[in-house]
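Scroll down for the structure; my scribbles are underneath it.
So that the names make sense, note that chain A is the first sequence line, chain B the second, and so on, each numbered from 1. FYI, side chains are in, hydrogens and waters are out, and symmetry mates aren't considered; it's all heavy atoms of this structure.
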Number of protein chains: 2
Amino acid sequence: MTRVLVVDDEPQIVRALVINLRARTYEVDAAHDGASALRLAAARHPDVVVLDLGLPDMDGVEVIRGLRGWTRVPILVLSARHSSDEKVQALDAGADDYVTKPFGMDELLARLRAAVRRAEPAGGGADDMIVETGEFTVDLAAKKVGRAGKDVRLTPTEWHLLEVLVRNSGRLVGQKRLLQEVWGPSYGTETNYLRVYMAQLRRKLEADPSHPKHFITEPGMGYRFEK
Amino acid sequence: MTRVLVVDDEPQIVRALVINLRARTYEVDAAHDGASALRLAAARHPDVVVLDLGLPDMDGVEVIRGLRGWTRVPILVLSARHSSDEKVQALDAGADDYVTKPFGMDELLARLRAAVRRAEPAGGGADDMIVETGEFTVDLAAKKVGRAGKDVRLTPTEWHLLEVLVRNSGRLVGQKRLLQEVWGPSYGTETNYLRVYMAQLRRKLEADPSHPKHFITEPGMGYRFEK
DNA sequence: ACCGTCCTTGACGGAACCCTGACGCACCCG
DNA sequence: CGGGTGCGTCAGGGTTCCGTCAAGGACGGT
């Protein structure tokens, strides 16, 4: 299932896009300003972003930079402005495509398909990664965690944090990097978030949460996941 | 150096593109029909293809399919036709972008940069530099130190000091430089810090801490790490 | 409009860490 | 032979950092 994040401040455009995308079995999130767009992108990990440049709270190019700070997700820019300068700016900031309003829905969808297609891993990526420990199993592709034969229920943030740690299995991940990957690029010092969510992960997955064997704290530096 | 293959049957457009691209230090090949385009692509392996759909010998979409049969090289389509149908066809056949003539050179170049950029290999290279001695192992990427099969726990300052020494393996590092790299630029004379933390490193890593073989003191000058 | 889930935020005890000063030792030089 | 300098060691105290809990608020679904 492909997940799309639609960012636009005009409700009718958002609605049109959402309806068309859902009809084609995309999973769609919507945001109406830059701040929530960045937050949603961090929380939901869309496979492609459709971004209107004319947002109420911040410049669209800033949103692109905010995304590009930590992800290579395809960004498809919508804009009412035809000026060549605008396009160049957006594309060089990291956008993948630029469509001017008014746009044809067919064309937009085709461009969206193209963006998603080329983002797919080249040669059968090892994305079906399953990591097992003595006590639980993490299926990165299926986004599922199992323990003692039963599925463990994780909230989006918990899963996101777990995913970053597991993808860097064995390596230390600095707290700043964790915060930026999970909560977005504007975070970096709010270490209390990490404390809270690491505690939840340990409570749900560790055999003895007060003496963790897999989610290891490196004081002053970050955390490390160990099989 | 980025290599571009330009495919168009109109000589003036080819010339304009070639001049503009060469001026920006791209390496450019040109073809005037589909057959030679496919041949040139196979022979020269361009990093991006700029393809006009209106070719004399074959349908542009066929050219796209011909390329997609064996390569994922980015394809940027040029076309005089604005019809939504054409665009959808080309994009779904495997094109990455679609620009209608007449086009602005700035915009085309920006789209070309975008296409090349996202084709670049993903993550910054896995910098898994590992340094081994007879007694312990330092993994700079994972920020991990192992000794006799077990992980050794280092505090942030200990790790930082070790990292500077290891990255200058074999070379003498002056105490002033060590202090400034680990404790910050305003330090430089507090050599007692060094004494304390060198002692901790030796205690944790040397077989015989009182007769160090790897963390060597150069009296009056600094310290040196030796495998 | 209500309810449940999830995220955020603040507070607090305890642990880990960093700095500091004191002391002993080896070496060099007067 | 005695004083000085630089280095290694140790232990205590202050500070930062972490784990835990609970309450408040935002959001979505019924």
Rounded distance [0.5 Å steps], CG in B/Leu109 versus CZ in B/Arg24: 5.0 Å
Interatomic distance where CG belongs to B/Leu154 and C1' belongs to C/dC17 [whole Å]: 13 Å
Rounded distance in Å - OH (A/Tyr223) to P (D/dC17): 12 Å
Option from A/Val173, A/Leu178, A/Ile216 for which side chain to side chain contact (heavy atoms under 4.5 Å, CB included) with A/Tyr223 holds: A/Leu178
Distance test, side-chain N/O of A/Thr217 to OP1/OP2 of D/dC17, below 4.0 Å: no
Whole angstrom value for the distance that separates C1' of C/dA16 from CH2 of B/Trp159: 19 Å
Rounded interatomic separation in angstrom, taking CD1 from A/Ile216 and C1' from D/dC18: 15 Å
Integer-rounded Å distance: D/dG8 C1' and B/Phe215 CZ: 16 Å
Salt bridge (Lys or Arg N to Asp or Glu O under 4.0 Å) between B/Asp96 and B/Arg68, worked out: CA-CA 11 Å; B/Asp96 289 82; B/Arg68 280 288 171 266; 2.8 Å; yes
Validation row: A/Leu205, A/Phe215 side chains within 4.5 angstrom (heavy atoms): yes
NZ/A/Lys227: more than 12 non-hydrogen atoms of other groups inside 6.0 Å: no
A/Tyr193 and A/Tyr187 aromatic ring geometry - parallel, tilted or perpendicular at 30°/60° bounds: tilted
Sugar-phosphate, base or nothing in reach of B/Arg153, heavy atoms under 4.0 Å: nothing
Nucleotide of C/dC18, C/dA16, C/dC7 approaching A/Pro219 most closely (side-chain heavy atoms): C/dA16
Trace of the side chain to side chain contact (heavy atoms under 4.5 Å, CB included) decision for B/Leu201 with B/Leu154: CA-CA 8 Å; B/Leu201 277 183; B/Leu154 295 186; 4.2 Å; yes
Residues from residues 186-204 of chain B lying under 4.0 Å of DNA chain D - heavy atoms: B/Arg195, B/Val196, B/Ala199, B/Arg202
Interatomic distance, A/Leu178 CG vs D/dC17 C1' [rounded to whole Å]: 16 Å
Nearest-Å distance for atom pair CG/P, residues B/Leu161 and C/dC17: 15 Å
Any B/Thr155 side-chain nitrogen or oxygen under 4.0 Å from OP1 or OP2 of C/dA16: no
Distance below 4.0 Å between A/Trp183 side-chain N/O and C/dT8 OP1 or OP2: yes
Separation of C/dC18 P from B/Leu179 CG (nearest whole Å): 15 Å
